[in-house]
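Here's the structure, in structure tokens; my notes come after.
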Protein chains: 2
Amino acid sequence: MENRDNLLKCALDLFTLNGYDAVGVQTICDAAGITKPTLYHYFGSKSGLLNTLLAEELNPFLAQLESAANYRHDITDTLYQVAQTYFNFGRQKPHLYRFYLSMWFAPHDSEAFKAMQPFNDRQQSLLENLFAAAALDHGNMQGRQRTYAASFLGMINTYVMLALNGFSELDEDFVRRLLHQFMHGIFS
Amino acid sequence: MENRDNLLKCALDLFTLNGYDAVGVQTICDAAGITKPTLYHYFGSKSGLLNTLLAEELNPFLAQLESAANYRHDITDTLYQVAQTYFNFGRQKPHLYRFYLSMWFAPHDSEAFKAMQPFNDRQQSLLENLFAAAALDHGNMQGRQRTYAASFLGMINTYVMLALNGFSELDEDFVRRLLHQFMHGIFS
DNA sequence: AGAATAGTATACCAATCGGTACACTATCTG
DNA sequence: CAGATAGTGTACCGATTGGTATACTATTCT
């Protein structure tokens, strides 16, 4: 399993730095110091490698997100926890975060977009459920889960990208400003 | 010039649909019904084609943006005009808008990112100048042009993407909500 | 010991990539 | 009419793409 782990590590670095399409299978193998049949033995295909990679990197994050998005009858606080989870992720794995967003904007029929889509769907539905639950306590939010989830996600990504591009720090204050701005968009 | 224009049109469709990297020179030529030397006669290279394409599509937009971003001592109204310009663009050329954003998120050393960068820089500096001018009227905005410009751009892109993904309409009301939310983020 | 299984390398595949040498034609200019 | 110039097609280039047939080795199980 040593070669397998090494392949994943090298692929992650190369993908996040150069993008999925721009990195050839041969390049990954060279970086890992092995040959192609070894890669195809473990992952079956280049996209199989990407899928495995995303699963191993994102599933832990999604688990954290799941517990953060558990509604505790305080929508502001819950959203704060959610935003914190994203910010932590962006802080710890900035390259991966960028790579993920680049896949989100990739052409819809590309391997990269398809690989990323299920993870995005899980985030979206997690947040939709959160907003749906909150709407039981706040009548004026009713029926808008989809839009709320998408725009909250969009706003988080905007803020994280701002920070990744050096316009701010991903600190507590930045989370609070995000929350403040988003909540004002809802309740006015 | 008929073949030239036809090439640009076909390339635009293919790029916006499949992404820059995923479309080969041969594919473009087939779509335009010509052969490769013709393409290389007009544009010199694949990236030359992309650059020409972006220039012809985005320069008119940037001209509109320039006049919209002309500060008239009413920051809310000016930002409203700016946002309107973006929304119009997103409404008229949704595929191109998506393609543009995908280039923004592309790896920094890719052809696509390099081709898009100067256009982004012009938008950023246009907005920075606007916010700098507005800071003369609103002291509490002083010294924050860069962040304001980047976050306003980010918020616009978020809203346009929400609409392009079917979560909303790019209508007047949506612009107003964007403005409302952004201004509240500044003045509180 | 013998058989099965996982892991790995050599060497190859067809297809495609971006790009070009060269010859030809159409058109415009003197 | 002669010559220059722009535009275009045929046929090709070397490099790289994702992927594989086959044989070898190392380990593990019976």
Side-chain angles (χ1 to χ4, degrees), chain A residues 1-56 99 102-103 106-116, chain B residues 1-56 99 102-103 106-116:
Chain A
M1 289 314 212
E2 183 204 336
N3 280 339
R4 195 191 108 104
D5 293 343
N6 197 227
L7 271 168
L8 284 172
K9 187 180 170 305
C10 292
L12 176 62
D13 290 344
L14 288 166
F15 285 161
T16 54
L17 216 72
N18 308 107
Y20 175 74
D21 287 316
V23 179
V25 175
Q26 189 62 59
T27 309
I28 304 171
C29 293
D30 289 349
I34 52 96
T35 53
K36 285 203 277 183
T38 302
L39 186 153
Y40 281 90
H41 171 73
Y42 285 117
F43 306 107
S45 67
K46 190 189 176 188
S47 58
L49 169 59
L50 177 62
N51 282 315
T52 308
L53 192 60
L54 289 180
E56 301 206 354
F99 180 49
S102 79
M103 291 192 284
H108 279 37
D109 59 343
S110 67
E111 298 285 351
F113 183 85
K114 286 183 198 145
M116 155 270 147
Chain B
M1 290 314 211
E2 184 204 335
N3 279 339
R4 196 190 106 104
D5 293 344
N6 197 228
L7 271 169
L8 284 172
K9 189 181 169 302
C10 292
L12 176 62
D13 290 344
L14 288 166
F15 285 161
T16 54
L17 217 73
N18 307 107
Y20 175 75
D21 286 317
V23 178
V25 175
Q26 189 61 60
T27 309
I28 303 171
C29 294
D30 290 347
I34 52 94
T35 54
K36 284 202 279 183
T38 302
L39 186 152
Y40 281 90
H41 171 72
Y42 286 117
F43 307 107
S45 67
K46 190 189 176 189
S47 59
L49 169 60
L50 176 62
N51 282 314
T52 308
L53 192 60
L54 288 180
E56 300 207 353
F99 180 49
S102 81
M103 291 192 285
H108 280 36
D109 59 345
S110 67
E111 298 285 350
F113 183 85
K114 285 182 199 147
M116 155 270 147

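Order of the sequence lines sets the chain letters (A, B, ...), proteins ahead of strands, with each chain counted from 1.
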Under 4.5 Å between any side-chain heavy atoms of A/Thr35 and A/Cys29, yes or no?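 They are not in contact (no side-chain heavy atoms under 4.5 Å apart), so the answer is no.
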With sequence neighbours excluded, what pairs up with B/Thr27 under the side chain to side chain donor-acceptor pair (under 3.5 Å) test?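 If we apply the side chain to side chain donor-acceptor pair (under 3.5 Å) test to B/Thr27, skipping adjacent residues, there are no hits.
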Value in whole Å for how far the [atom2] atom of [N] lies from [atom1] of [X]:
{"X": "A/Glu2", "N": "D/dA26", "atom1": "CD", "atom2": "C1'", "result": "15 Å"}
{"X": "A/Tyr40", "N": "C/dA11", "atom1": "OH", "atom2": "C1'", "result": "16 Å"}
{"X": "B/Leu50", "N": "C/dG18", "atom1": "CG", "atom2": "C1'", "result": "15 Å"}
{"X": "A/Phe43", "N": "D/dT20", "atom1": "CZ", "atom2": "P", "result": "16 Å"}

Ignoring hydrogens, what is the shortest heavy-atom contact between A/Ile28 and A/Ala11? Give both atom names and the distance.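 Shortest heavy-atom contact: CG2-CB, 4.0 Å.
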Terminal helix-axis angle for the helix from C/dA1-D/dT30 to C/dG30-D/dC1, with five pairs defining each axis and rounding to 10 degrees: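 Roughly 0° between the end axes, to the nearest 10°.
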Do side-chain atoms of B/Tyr42 reach the backbone of B/Leu49 as a donor and acceptor pair under 3.5 angstrom?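 The answer is no, because no donor-acceptor pair under 3.5 Å joins these two groups.
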Would you check if the side chain of A/Tyr20 reaches a backbone N or O of A/Ser47 as a donor-acceptor pair within less than 3.5 Å?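 Yes, because the side chain of A/Tyr20 sits within donor-acceptor range (under 3.5 Å) of the backbone of A/Ser47.
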Give me the distances for all protein-to-nucleotides 8-10 of chain C N/O pairs that come in under 3.5 Å?
| residue | atom | partner | partner atom | Å |
| --- | --- | --- | --- | --- |
| C/dT8 | OP1 | A/Asn3 | ND2 | 2.3 |
| C/dT8 | OP2 | A/Asn3 | ND2 | 3.4 |
| C/dT8 | OP2 | A/Tyr42 | OH | 2.9 |
| C/dT8 | O5' | A/Asn3 | ND2 | 3.4 |
| C/dA9 | OP2 | A/Thr35 | N | 3.2 |
| C/dA9 | OP2 | A/Thr35 | OG1 | 2.8 |
| C/dA9 | OP2 | A/Thr38 | OG1 | 3.3 |

So, taking the atom named CD in A/Glu111 and the one named CG in A/Asn51, what distance separates them when rounded to the nearest 0.5 Å?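 Going from CD on A/Glu111 over to CG on A/Asn51, the span is 8.0 Å.
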Residues two or more places apart in sequence or in another chain: which of them pass salt bridge (Lys or Arg N to Asp or Glu O under 4.0 Å) with B/Lys36?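 B/Lys36 satisfies salt bridge (Lys or Arg N to Asp or Glu O under 4.0 Å) with no other residue.
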Sequence neighbours left out, what passes salt bridge (Lys or Arg N to Asp or Glu O under 4.0 Å) with B/Asp30? Give chain and number order.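 By the salt bridge (Lys or Arg N to Asp or Glu O under 4.0 Å) rule, B/Asp30 matches no residue at all.
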Sub-4.0 Å heavy-atom contacts from residues 7-31 of chain A onto DNA chain D, ordered by number: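 Nucleic-acid contacts, sorted: A/Val23, A/Gly24, A/Val25.
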Using 4.0 Å as the upper bound for N to carboxylate O, is an ion pair formed by A/Lys9 and A/Asp13?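 Between A/Lys9 and A/Asp13 there is a salt bridge, with a charged N closer than 4.0 Å to a carboxylate O.
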Residue pair A/Tyr40, A/Val25: steps toward the side-chain contact (heavy atoms from CB on, under 4.5 Å) verdict: CA-CA 10 Å; A/Tyr40 281 90; A/Val25 175; 3.6 Å; yes
